[in-house]
Amino acid sequence: LRECLDSVLAQTFTDWEVICVDDGSTDESGAILDEYAAKDKRFRVFHQPNAGVSVARNVALKVVDGNWVLFLDSDDLLRGCALDDIFSNAEENSSMDFIVYDDVKFEEHGLPQYMDEDKVSPVIEDLSQDIVSRFASVCVGGAAYSKSVLDGVFFKEYVLGEDLVFFCEILSKAKRVLFLNKAEYANRLRIG
């Protein structure tokens with residue numbers, strides 16, 4: 001968790017807020033979140049009894065203030081320039097509904113190896129069936145969502161595969177998506 005939060009603190013883009021939801025953790029996670037919030041007002045912490053990942057994400061979605069939303073799981077990391085890359089592209093392409101970027105996988109006790117390729121794909125305006133297959137492999141943290149496309153969209157609670165259901169809802173509303181061919185998110189692979 002500390003590595004995750006530190007990856008946000010290390011961002012070259014600094015105008016962000018993090019909404020942390022302690023979903024009834026039984027370890028020191030809640031105290032760690034409170035510690036970060038006490039040191040930096042950009043961290044907002046909510047504590048709740050364990051209700052699952054969808055409920056936790058929905059709590060955050062209900063209180064978000066920003067124009068763009070990213071999801072970051074507590075054991076994953078953001079590349080140091082991720083927010084700069086994402087938001088500079090968001091400004092250049094202001095009518096985007098969401099921006100998809102690559103992720104890298106790394107071992108539980110390893111370090112991520114980010115790709116250095118920095119290309120922007122053409123804007124996709126026809127979100128046809130052909131594109132749905134690409135989203136099936138995107139983790140929920142692999143995209144930045146405009147607040148407008150998220151309006152009224154929440155994670156289905158107590159459902160397996162909530163990420164894919166969420167993407168399908170987003171795709172049904174989205175008109176324009178931008179693909180960054182750059183790894184901005186590091187997904188930790190844990191044993192078990």
Side-chain angles (χ1 to χ4, degrees), residues 4 7-8 11-21 23 41-46 48 51-74 76 78-79 81-103 118-159 161-185 187:
C4 172
S7 80
V8 178
Q11 292 297 304
T12 54
F13 181 89
T14 59
D15 186 16
W16 48 258
E17 110 181 297
V18 175
I19 299 168
C20 305
V21 181
D23 186 42
K41 66 180 178 168
R42 296 175 295 179
F43 289 93
R44 294 170 55 197
V45 178
F46 296 84
Q48 67 181 30
V53 64
S54 292
V55 174
R57 288 178 179 155
N58 289 340
V59 165
L61 283 173
K62 290 173 186 172
V63 299
V64 69
D65 288 328
N67 294 322
W68 286 87
V69 175
L70 288 75
F71 297 96
L72 179 61
D73 287 347
S74 61
D76 294 341
L78 285 178
R79 182 181 182 137
C81 59
L83 296 182
D84 252 335
D85 291 343
I86 293 163
F87 293 118
S88 65
N89 278 285
E91 286 178 1
E92 291 172 20
N93 301 280
S94 61
S95 63
M96 289 301 106
D97 291 307
F98 62 109
I99 299 172
V100 176
Y101 37 87
D102 292 328
D103 70 319
D118 189 8
K119 296 180 185 169
V120 176
S121 295
V123 172
I124 305 288
E125 295 189 51
D126 176 18
L127 298 179
S128 63
Q129 283 300 112
D130 298 341
I131 207 164
V132 174
S133 62
R134 176 159 182 171
F135 290 99
S137 64
V138 174
C139 71
V140 73
Y145 309 88
S146 72
K147 193 166 182 184
S148 62
V149 83
L150 287 173
D151 187 35
V153 177
F154 293 97
F155 287 87
K156 300 296 180 225
E157 298 176 4
Y158 313 110
V159 171
E162 77 287 341
D163 288 11
L164 190 53
V165 174
F166 177 80
F167 279 125
C168 288
E169 257 192 270
I170 293 293
L171 284 171
S172 73
K173 289 182 68 177
K175 295 188 177 28
R176 292 171 51 100
V177 59
L178 181 70
F179 289 96
L180 301 183
N181 293 320
K182 187 172 186 179
E184 305 290 7
Y185 190 97
N187 200 330

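Because the structure is predicted, anything quoted here is derived from the model rather than measured. Quick note: numbers below take in every heavy atom, side chains included, and nothing from hydrogens, waters or symmetry partners.
- Interatomic distance, Thr12 OG1 to Asp84 CG, rounded to the nearest 0.5 Å: 3.5 Å.
- Between atom CD1 of residue Ile99 and atom CG of residue Asn89 there is a gap of 6.0 Å, rounded to the nearest 0.5 Å.
- Separation of atoms CZ (Phe167) and OG (Ser172) is listed at 13.0 Å; rounding is to 0.5 Å.
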task: Show your reasoning for whether side chain to side chain contact (heavy atoms under 4.5 Å, CB included) applies to Met96 and Val149.
output: CA-CA 9 Å; Met96 289 301 106; Val149 83; over 6 Å; no
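- Considering every non-hydrogen atom in both Cys4 and Ser74, the closest pair reads CB-O, 3.3 Å.
- Considering every non-hydrogen atom in both Lys156 and Val159, the closest pair reads CB-CG2, 3.7 Å.
- When atom types are taken as modelled, the side chain of Glu169 and the backbone of Leu164 share no donor-acceptor pair closer than 3.5 angstrom.
- Annotation: the span from Lys182 atom NZ to Asp102 atom CG amounts to 11.0 Å, rounded to 0.5 Å.
- In this structure, CG in Leu150 is found 11.5 Å from CG in Asn67, a value given to the nearest 0.5 Å.
- Put simply, the side chain of Ser88 gets close to the backbone of Asp85: a donor and an acceptor are under 3.5 Å apart.
- When each of Val8, Val18, Ile86 is tested with Leu70 by the rule side chain to side chain contact (heavy atoms under 4.5 Å, CB included), just one qualifies, namely Ile86.
- Judged by distance alone, the side chain of Glu17 and the main-chain N or O of Asp65 form a donor-acceptor pair under 3.5 Å.
- Taken to the nearest 0.5 Å, the CZ atom of Phe13 stands 12.5 Å off from the CG atom of Leu78.
- Ring planes of Phe71 and Phe155: perpendicular class, angle over 60° (limits at 30 and 60°).
- In this structure, Lys173 contributes its side chain and Asp97 its backbone to no donor-acceptor pair below 3.5 Å.
- Although no hydrogens or angles enter the test, the distance criterion places no donor-acceptor pair under 3.5 Å between the side chain of Ser54 and the main chain of Glu157.
- Residues Asp73 and Arg57 are paired through a salt bridge, judged by an N-O separation under 4.0 Å between the basic side chain and the carboxylate.
- The heavy-atom pair separating Phe43 from Cys20 by the smallest distance is CD2-SG, 4.0 Å.
- The side-chain heavy atoms of Phe46 and Val63, taken from C-beta on, include a pair separated by under 4.5 Å.
- The aromatic rings of Tyr145 and Phe98 sit parallel to each other, their planes meeting at less than 30°, with 60° as the upper class boundary.
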message: One pair to check against side chain to side chain contact (heavy atoms under 4.5 Å, CB included): Glu162 and Val140. What are the steps and the verdict?
response: CA-CA 9 Å; Glu162 77 287 341; Val140 73; over 6 Å; no
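- Residues Asp23 and Gln48 form a side-chain contact, since some pair of their non-hydrogen atoms from C-beta on lies under 4.5 Å apart.
- Remark: the backbone N or O of Leu72 is not paired with any side-chain donor or acceptor of Asp76 at under 3.5 angstrom.
- In this structure, Gln11 and Arg79 approach most closely via the heavy-atom pair NE2-O, 2.7 Å.
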- request: Could you please spell out the steps behind the side chain to side chain contact (heavy atoms under 4.5 Å, CB included) verdict for Val55 and Tyr158?
  value: CA-CA 8 Å; Val55 174; Tyr158 313 110; 3.8 Å; yes
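- Within the 3.5 Å criterion, the main-chain N or O of Asn181 finds no donor-acceptor partner in the side chain of Tyr101.
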